[in-house]
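For ligands, and for the atoms within them, numbers begin at 1 and follow the listed sequence.
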Amino acid sequence: MRLEGEHRRSIARTADGKGARILDQRRLPWEIVWTDLRSAADAERAIREMWTRGAPLIGATAAYGLAMALAEDGSDAALEAACHLLAEARPTAVNLRWALGEVAKAVQPLPPAMRGAAAFARADAICDEDVALNRAIGAHGLQLLRDLHARNPSRPLNILTHCNPGWLATVDYGTATAPIYLAKDEGLPVHVWVDETRPRNQGALLTAFELAGHGVPHTVIADNTGGLLMQRGEVDLVIVGTDRVTANGDVCNKIGTYLKALAAHDNGVPFYVALPYTTFDPATATGADVPIEERDPDELAFLTGPAANGAATVRVTASPAYNPAFDVTPARLVTGFITERGLRAASALAF
Ligand SMILES: CSC[C@H]1O[C@H](OP(=O)(O)O)[C@H](O)[C@@H]1O
């Protein structure tokens with residue numbers, strides 16, 4: 001997407017070809033800081049501490065981390081150790097293990113000395129494929145937006161989204177945001193309700209930053225506001241991303257997604273989930289089987305942001321806190337899935 005006047009992806013190989021350059025998303029939207037990852041340990045830390053996040057982007061970052069490890073040491077032992085290290089960085093997004101598996105498959109038949117270059121090539125291909133997948137998701141989702149807007153052509157289409165399913169969660173375009181960007185580009189009037197998405201505020205900080213950068217009209221709302229807006233008829237469509245869709249169509253996504261799906265169901269608002277095949281996990285039967293990441297309660301207990309004299313951190317509670325990062329929306333609450341192959345029902349999700 002466009003950033004500081006030029007087209008950028010959220011991740012790319014470093015100029016010397018030996019590392020990965022990422023946007024440090026902890027600093028957005030206040031500062032644009034690019035950081036070079038130089039080892040599997042750097043990549044693991046960046047994923048675990050959410051310097052970079054979002055299911056597809058986590059996969060791409062892990063792929064480059066594995067490539068860096070193999071460029072150092074192409075042995076089977078090094079391959080196994082780096083895969084284990086990176087796989088443990090965050091448990092929920094299936095893209096992480098998918099990407100590691102793809103790189104491992106590409107290098108295993110090769111002699112150790114050739115594995116580093118092959119791993120980097122596979123990581124590059126994973127990034128290029130992600131961009132193409134998201135553009136295709138955008139095209140199929142755009143037709144859905146056109147059809148829904150035709151019901152009330154006299155006003156913008158009001159879309160609600162949760163967390164950040166945008167280009168900052170992928171290599172480019174985003175998943176749930178891809179149709180929104182294409183709609184803006186073709187002049188289809190849209191407005192986005194942006195859930196702030198406590199406690200890390202990926203919506204207020206990242207989605208709002210993205211939409212503003214692309215000139216998409218949007219309004220940041222508290223996580224608890226969406227239900228009221230749906231009761232008032234001010235939400236025409238909910239589109240979210242996902243970290244893992246299981247074989248039966250259950251959707252694991254940022255905490256709070258399930259509550260939006262319940263409100264949408266209760267108010268007859270279409271609830272769509274955008275995903276590429278890399279986020280579909282047919283090996284996991286239902287959402288009950290998905291590991292839900294539990295993050296540091298301090299992420300909830302404290303708020304950090306810019307102040308006149310630098311960063312300020314304020315405590316929002318003096319009590320113990322609990323901070324699960326994801327929840328599961330059952331397939332029965334999902335109107336449909338927007339994939340690179342078109343719109344799909346939960347029962348027809350096989351890629
Ligand atoms: C392309 S959807 C990405 C997905 O990942 C986010 O989680 P996190 O920010 O913790 O990595 C969120 O669940 C998004 O929907």
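- What you find for Asn323 and Pro199 is that their closest heavy atoms are OD1-CG, 3.4 Å.
- A cation-pi contact, defined as under 6.0 Å to the ring centre and within 45° of the axis, links Lys254 to Phe326.
- Residues passing the side-chain hydrogen bond (donor to acceptor under 3.5 Å, both in side chains) test with Asn201: none are found, sequence neighbours excluded.
- A heavy-atom cutoff of 4.0 Å around ligand 1 is satisfied by the protein residues Met50, Arg53, Gly54, Ala55, Pro56, Arg90, Cys163, Asn164, Pro165, Ala169, Thr170, Thr175, Gln202, Gly241, Thr242, Asp243, Asn253, Lys254, Phe326.
- Taking Ile, Leu, Val, Met, Phe, Trp and Tyr as members and joining any whose side-chain heavy atoms lie under 4.5 Å apart, directly or through other members, the hydrophobic cluster of Leu333 also contains Tyr258, Leu259, Leu262.
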Identify every side-chain donor-acceptor pair in residues 103-113 under 3.5 Å, counting partners at least two apart or on other chains, and give the distances.
| residue | atom | partner | partner atom | Å |
| --- | --- | --- | --- | --- |
| Lys105 | NZ | Glu102 | OE2 | 2.9 |

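- Seen from the ring of Trp34, Arg8 counts as a face-on cation partner, given the 6.0 Å and 45° thresholds.
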